[in-house]
Amino acid sequence: MVVTRIAPSPTGDPHVGTAYQALFNYVFAKQQGGKFIVRLEDTDRSRYNPTSERRILEMLDWLGLVPDESPAKGGPNGPYVQSQRLPIYHRYVQILLEKGAAYRAFDTPEELAAAREEARRAGRLEQGYNRRYRDYPVEEAERRAAAGEPHVVRLKVPLEGKTIVHDLLRGPVEFDNAMLDDKVILKADGYPTYHLAAMVDDHLMGVTHVIRAEEWLTSTPFHILILRAFGWEEPVWCHTPLLRNPDKSKLSKRKMDTSVESYRAQGILPEALLNYLGTMAWSMPDGREIFSLQEMIEHFSLERISLGGPVFDLNKLKWMNGKYIREVLSLDDLTERVKPFLKRRGLAWPSEVYLKQVVEAMRPRFDTLEEFVDKALYFFTEAYPLQAKAQAKLEEGRPLLPALQALLASLPDLLPETTEPALRGFAEAKGLKPAAVMQPLRAALTGSLETPGMFDLLMILDKERVLARLARYTSQ
RNA sequence: GGCCCCAUCGACUAGCGGUUAGGUCACCGCCCUUUCAAGGCGGCGGCAGGGGUUCGAAUCCCCUUGGGGUCACCA
């Protein structure tokens, strides 16, 4: 059975890169009838963020990428939080030590820094750790360890030969073992590094496909060496391109908004975010750009992942979100989604029917849920702003307002069938273009020059409110 | 800098030896129109460069250039 996983580390805000990886791992697993696991990699105690775990899990839930096994849900391979698996790692480190595949190293961080500095100054070719303890007598190392001397455990990497990563998307990628160094697998604080923990867990959890970001490609030979040291089978490796900033560098919160929570707060829909991420380095065989998670599962293949690093384009994300708002969601669904955004701004709506009318009228005019609130304020409060351009139009047409007020007051109702001929007739009688009447009226009723059509506006606002708002400008 | 990956319009991409190089976002124009949108129609714009292979290269190979990643007791 296919088993995939994501292994986010709880160090901060839930990241779109995590969502991206989750999407591909989830979709592939589901398509193959397999399992999708979430495992928290919290072995870096210094960067640990206590709220991060919960928020990452919430993000996946919001997106609808429901894991089969996770810290929250549990499963047969738990625990799913690495800090709770320390005894497991210690056991496996011991095995490597006994096999002579790893060794204890007593260098202090200061010594390592000094050695690095010296190597740099000497302009030496070889990179990384100088292997000072690689051939240190085992009995002596054990004695010092037993005496409680702080130390790390490093993998004994072969000095010669090549390690070949068979990447699903790139074919064989060769690395000279001489270019590798003896990486730390167990830190002085007793926590494993990513390299060891991930390989042990992937093996124990039966992960068959490691689909992860390209930044891991160059440490894959090291992972393969760990696997070999244990005598374990390799998973299928599949390194996907990195999401990029507009300047093509790796997506980062310094240059871009990378927080999924932030997009959610702006009123980006989970379906749209997922859909957009699904078009990053992947495409539907038939070229369609709007597709659901389910449709992606139906047509997905890892082979269709292209290798160029895609720039995360806010502009297109917004467009796609707008597409979902006006063409994919039902009116009822959209109306429901808009509610929390109104509430958060302290706005209320008189009835379900009213809200739905407003949403329908506004539908082609907003791309995010937050934008809906911004642009539809005058439907929900009398304290809407009068924009400068609208004010100018209003002043221009101010002389018309009393007559318009009288006209509208005289009508039996403000339905479009009634108001359209009335207003057009009014303009014609005055020898004016319709716009010369509509624009000042629009400005008076909404404080804006960007609104739904006048006749919809009048109907939704209702007679009483229309007249009251007009009275603001005619009663002095 | 060493090592590794990558390379089609400004952005996302289709293409997997023979296409007038297609679509989407953005941009521009037109239409629709009471405003703003949405929508429709049209336009601008690309195979990084150089060598090969081949009857024929965006497609295969090599080099150059460019971009990115990685070189932590972080993941």
Side-chain angles (χ1 to χ4, degrees), chain A residues 7-11 41-44 46-47 105 107-109 112-113 116 120 123 125-129 150-154 165 167 169-170 173-176 178-181 183-189 191-195 197-198 213-221 239 241-242 244 246-250 276 279-290 304 306-313 315-320 322-323 326-327 362-367 375 389-390 393 420 423-424 427 433-439 441-443 446 448-455 457:
Chain A
S9 62
T11 54
E41 311 243 328
D42 61 344
T43 55
D44 183 349
S46 63
R47 292 206 306 160
D107 316 79
T108 65
L112 289 176
R116 254 195 297 273
R120 192 193 59 77
L125 263 33
E126 63 265 35
Q127 307 282 310
Y129 180 54
H151 65 283
V152 302
V153 176
R154 289 179 180 269
V165 178
D167 184 87
L169 299 174
R170 303 152 217 269
V173 182
E174 282 190 14
F175 293 86
D176 254 312
M179 300 303 299
L180 274 26
D181 74 344
K183 289 248 182 302
V184 172
I185 57 177
L186 188 71
K187 300 184 262 186
D189 63 5
Y191 282 72
T193 59
Y194 171 87
H195 305 297
E214 187 181 358
E215 56 187 327
W216 293 107
L217 184 56
T218 50
S219 48
T220 306
H239 292 91
L242 254 4
R244 310 293 186 92
D247 70 2
K248 299 276 192 182
S249 57
K250 174 167 86 168
Y276 180 65
T279 65
M280 302 267 81
W282 190 78
S283 59
M284 269 288 192
D286 67 3
R288 93 187 99 130
E289 293 207 288
I290 303 298
R304 274 190 79 80
S306 62
L307 294 175
V311 171
F312 193 80
D313 182 3
N315 194 48
K316 191 158 181 179
L317 204 213
K318 272 192 72 178
W319 166 78
M320 193 171 274
K323 202 78 177 161
R326 71 188 92 90
E327 291 177 22
M362 288 300 294
R363 198 126 77 142
R365 295 177 171 79
F366 63 98
D367 284 329
K375 294 185 173 179
K389 282 182 181 170
K393 270 290 175 225
E420 177 156 9
L423 287 174
R424 288 192 190 283
K433 286 183 180 171
V437 175
M438 308 287 191
Q439 286 295 73
L441 182 56
R442 188 188 315 278
T446 68
S448 169
L449 253 23
E450 301 170 8
T451 79
M454 180 54 67
F455 314 119
L457 211 48

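Throughout, protein chains are lettered first and strands after them, A, B, ... in sequence-line order, and every chain is numbered starting at 1. Since this is a predicted model, take the numbers as computed values, not measurements.
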*Expressed as a whole number of Å, how far does the C1' atom of B:rG50 sit from that of B:rG66?*
14 Å
*asked:* Less than 3.5 Å apart, any donor N or O on the side chain of A:Ser249 or A:Arg244 sitting next to an acceptor on the other?
replied: no
*Sticking with atom P, work out how far B:rC16 lies from B:rA72, rounded to a whole angstrom.*
43 Å
_Pairing residues for A:His151 by the ring pair (Phe, Tyr, Trp, His ring centres under 6.0 Å) criterion, not counting sequence neighbours_ = A:Phe106
*Between atom NZ in A:Lys248 and atom P in B:rG67, what is the gap in whole Å?*
11 Å
*asked:* Heavy atoms only, 4.0 Å cut-off, all strands: where does A:Arg363 land among base, sugar-phosphate and nothing?
replied: nothing
*When rounded to the nearest Å, what value does the distance between C1' atoms of B:rA7 and B:rU64 take?*
13 Å
*Any strand is fair game: report the nucleotide pairing with B:rA7 by Watson-Crick or G-U wobble, both distances under 3.5 Å, or none.*
B:rU65
*asked:* In whole Å, measure the gap between the C1' atoms of B:rC47 and B:rA58 for me.
replied: 4 Å
_Taking B:rG51 as the reference, what is the distance to B:rA75 when you measure between their C1' atoms (whole Å, please)?_
43 Å
*Contacts of A:Trp216 that satisfy ring pair (Phe, Tyr, Trp, His ring centres under 6.0 Å) - sequence neighbours left out*: A:Tyr194
*In B/S/- notation, 5' to 3', how is nucleotides 33-48 of chain B contacted by protein heavy atoms closer than 4.0 Å?*
-BBBBSS---------
*For B:rC71, the Watson-Crick or wobble partner whose two distances fall under 3.5 Å*: B:rG1
*Would you kindly give the CZ-to-C1' distance between A:Phe312 and B:rU13, to the nearest whole Å?*
16 Å
*asked:* Suppose we define a pair by two distances each less than 3.5 Å, Watson-Crick or G-U wobble; what does B:rC32 pair with here?
replied: none
*For the student: nearest non-hydrogen atoms of A:Leu449 and A:Ala443, plus distance*: CD1-CB, 4.1 Å
Taking N or O atoms only and anything under 3.5 Å, show me the protein contacts with nucleotides 14-16 of chain B, one pair per line.
unit_1	atom_1	unit_2	atom_2	d
B:rA14	OP1	A:Ser283	OG	3.4
B:rG15	OP1	A:Arg304	NH1	3.4

_Salt bridge flag under 4.0 Å for residues A:Arg170 and A:Glu214_ = yes
Any protein N or O atoms within reach of nucleotides 72-75 of chain B? Criterion: under 3.5 Å, listing atom names and distances.
unit_1	atom_1	unit_2	atom_2	d
B:rC73	O2	A:Ala188	N	2.8
B:rC73	N4	A:Asp107	O	2.7
B:rC74	OP2	A:Lys187	NZ	3.0
B:rC74	O2'	A:Asp44	OD2	2.7
B:rC74	O2'	A:Arg47	NH2	3.3
B:rC74	O2	A:Arg47	NH2	3.3
B:rA75	OP1	A:Thr43	OG1	2.7
B:rA75	OP1	A:Lys187	NZ	2.7
B:rA75	OP2	A:Tyr194	N	3.2
B:rA75	O3'	A:Glu41	OE1	3.3
B:rA75	O2'	A:Ser9	OG	3.1

_Counting only side-chain nitrogens and oxygens, does A:Lys316 get under 4.0 Å of the OP1 or OP2 atom of B:rU13?_
no
*Rounding to the closest angstrom, what is the interatomic distance between B:rU13 and B:rU8 at atom C1'?*
9 Å
Distances under 3.5 Å between nitrogen or oxygen atoms of protein and nucleotides 4-10 of chain B:
unit_1	atom_1	unit_2	atom_2	d
B:rC5	O2'	A:Arg170	NH1	2.4
B:rC5	O2'	A:Glu214	OE2	2.7

_For B:rU19, give the paired nucleotide (Watson-Crick: N1-N3 plus N6-O4 or O6-N4; G-U: N1-O2 and O6-N3; both under 3.5 Å), or none._
none
*Would you say the side chain of A:Thr446 lies within less than 4.5 Å of the side chain of A:Leu457, judging by non-hydrogen atoms?*
yes
*Please give, in whole Å, the distance from B:rA11 C1' to A:Met320 CE?*
13 Å
*Roughly how far apart, to the nearest Å, are B:rC44 and B:rU24 at atom C1'?*
16 Å
*Could you walk me through whether A:Arg304 and A:Ser283 pass side-chain hydrogen bond (donor to acceptor under 3.5 Å, both in side chains), step by step?*
CA-CA 7 Å; A:Arg304 274 190 79 80; A:Ser283 59; 3.0 Å; yes
_Side-chain (A:Lys375) to main-chain (A:Arg365) donor-acceptor, under 3.5 angstrom_ = yes
*Can A:Glu215 and A:Lys250 be counted as an ion pair, charged N to O under 4.0 angstrom?*
yes
*asked:* I need the minimum non-hydrogen distance between A:Tyr276 and A:Val311, along with the two atoms involved.
replied: OH-O, 3.7 Å
*Hey, are the side chains of A:Arg154 and A:Lys183 touching, using non-hydrogen atoms and a 4.5 Å cut-off?*
no
*Just do the salt bridge (Lys or Arg N to Asp or Glu O under 4.0 Å) check on A:Asp313 and A:Lys316 with the steps written out, would you?*
CA-CA 6 Å; A:Asp313 182 3; A:Lys316 191 158 181 179; over 6 Å; no
_A:Gly308 backbone acceptor or donor facing A:Ser306 side chain under 3.5 Å_ = no
*Stepwise side-chain hydrogen bond (donor to acceptor under 3.5 Å, both in side chains) test for A:Asp107 and A:Tyr129*: CA-CA 10 Å; A:Asp107 316 79; A:Tyr129 180 54; 2.6 Å; yes
*B:rC62 versus B:rG23 - spacing of their C1' atoms, nearest Å*: 33 Å
_Under a 3.5 Å distance rule, please check whether A:Asp167 uses its side chain to pair with a backbone N or O of A:His239 as donor and acceptor._
yes
